[in-house]
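From a predicted model like this one, the values you see are computed outputs, not experimental measurements. Below, all heavy atoms of this structure are taken into account, side chains as well, without hydrogens, waters or symmetry copies. Both counts, for ligands and for their atoms, begin at 1 and track the order of listing.
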Amino acid sequence: MRLIAPSVLSADFGHLADELEMISRSEADWLHVDVMDGTFVPNISFGFPLMKPFKQYCTKPLDVHLMIVHPEKYVERFCDAGAYSVGFHLEAVEDPLPILDLIKAKGVRTCLTINPDIAPERLVPYLDKVDMVLLMSVFAGFGGQRFIPETIDKVRYIRAEIDRRGLDTLIEIDGGVNTGNAHALFEAGADVLVAGSAVFGTKDPIAAIHQMKFME
Ligand code: DX5
Ligand code: ZN
């Protein structure tokens with residue numbers, strides 16, 4: 001699969017409705033929603049109140065990426081707020097399984113995420129228990145960082161493991177994705193690419209989305 005999920009974190013919040021309508025018209029597949037708590041990551045983004053305008057002005061499914069401690073306290077509220085997918089960090093919790101169950105019980109898709117300093121082997125026991133894994137290609141916390149090239153090998157490793165076991169778990173990549181590395185990521189076996197500054201920071205976001213999605 002080759003899906004593009006623009007990260008609304010990089011949008012112009014002064015013109016949020018316009019930005020969301022632009023994404024709705026584009027070939028983007030999902031809207032990526034970065035929630036930061038200032039504790040798990042050294043930055044605070046936004047919380048529940050913005051789920052409403054995201055839903056109202058964006059026709060794309062909302063892909064919620066929780067960069068927070070104690071995701072178990074909040075996942076159900078994000079599900080109720082209209083998330084299509086809810087993901088949290090493996091390294092933020094002791095046991096992800098009961099939290100995945102909370103999300104599944106709401107009929108929402110699940111995602112487990114790891115930062116670049118967490119071995120991808122740690123995701124392997126969960127590959128058949130989630131709809132998607134998210135490999136961070138920068139350290140979670142800020143948009144506009146430089147892509148970590150070693151991510152490509154991690155994608156190949158997880159892809160091989162998913163294919164060997166005949167699973168349909170998706171692989172998402174988040175951080176520093178742009179028109180220069182999107183093709184290589186898809187070729188390595190990624191299914192979903194998150195892009196913040198490479199979409200909202202360009203003159204022609206619609207074209208950037210098209211390029212990342214269809215570039216050969
Ligand atoms: C980083 C967030 C990313 C970020 C991506 O903590 O999880 O989703 O917004 O932004 P870019 O594409 O600019 O690296
Ligand atoms: Zn993200």
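Asp29 contributes no side-chain N or O that, together with a main-chain N or O of Ala5, makes up a donor-acceptor pair within less than 3.5 Å. Distance alone, capped at 3.5 Å, is enough to place a donor-acceptor pair between the Asn181 side chain and the Asn178 backbone. In terms of modelled atom types and a separation under 3.5 Å, the side chain of Ser137 and the main chain of Gly175 share a donor-acceptor contact.
Residue-environment remark: CG (Asp168) stays at or below the threshold of 12 foreign heavy atoms within 6.0 Å. Summarising the local packing, OH of Tyr157 is surrounded by more than 12 heavy atoms from other residues, nucleotides or ligands at distances under 6.0 Å.
Residues of the protein with a heavy atom under 4.0 Å from ligand 1 are Ser7, Leu9, His32, Asp34, Met36, His65, Met67, Met136, Ala140, Gly141, Phe142, Gly143, Gly144, Asp174, Gly175, Gly176, Val194, Ala195, Gly196, Ser197, listed by chain and number.
The count of protein N, O or S atoms under 2.8 Å from the Zn ion (ligand 2) stands at 4, with waters excluded from the count.
By the 4.0 Å N-to-carboxylate-O rule, Asp80 lies too far from Arg77 to be salt-bridged with it. Ion pairing between a basic and an acidic side chain is recognised when a charged N comes within 4.0 Å of a carboxylate O; Glu187 and Arg2 show such pairing.
In this model, no donor atom of one side chain and acceptor atom of the other lie less than 3.5 Å apart for His65 and Asp63.
Side-chain contact between Met36 and Leu9 is present, with heavy atoms from C-beta onward closer than 4.5 Å.
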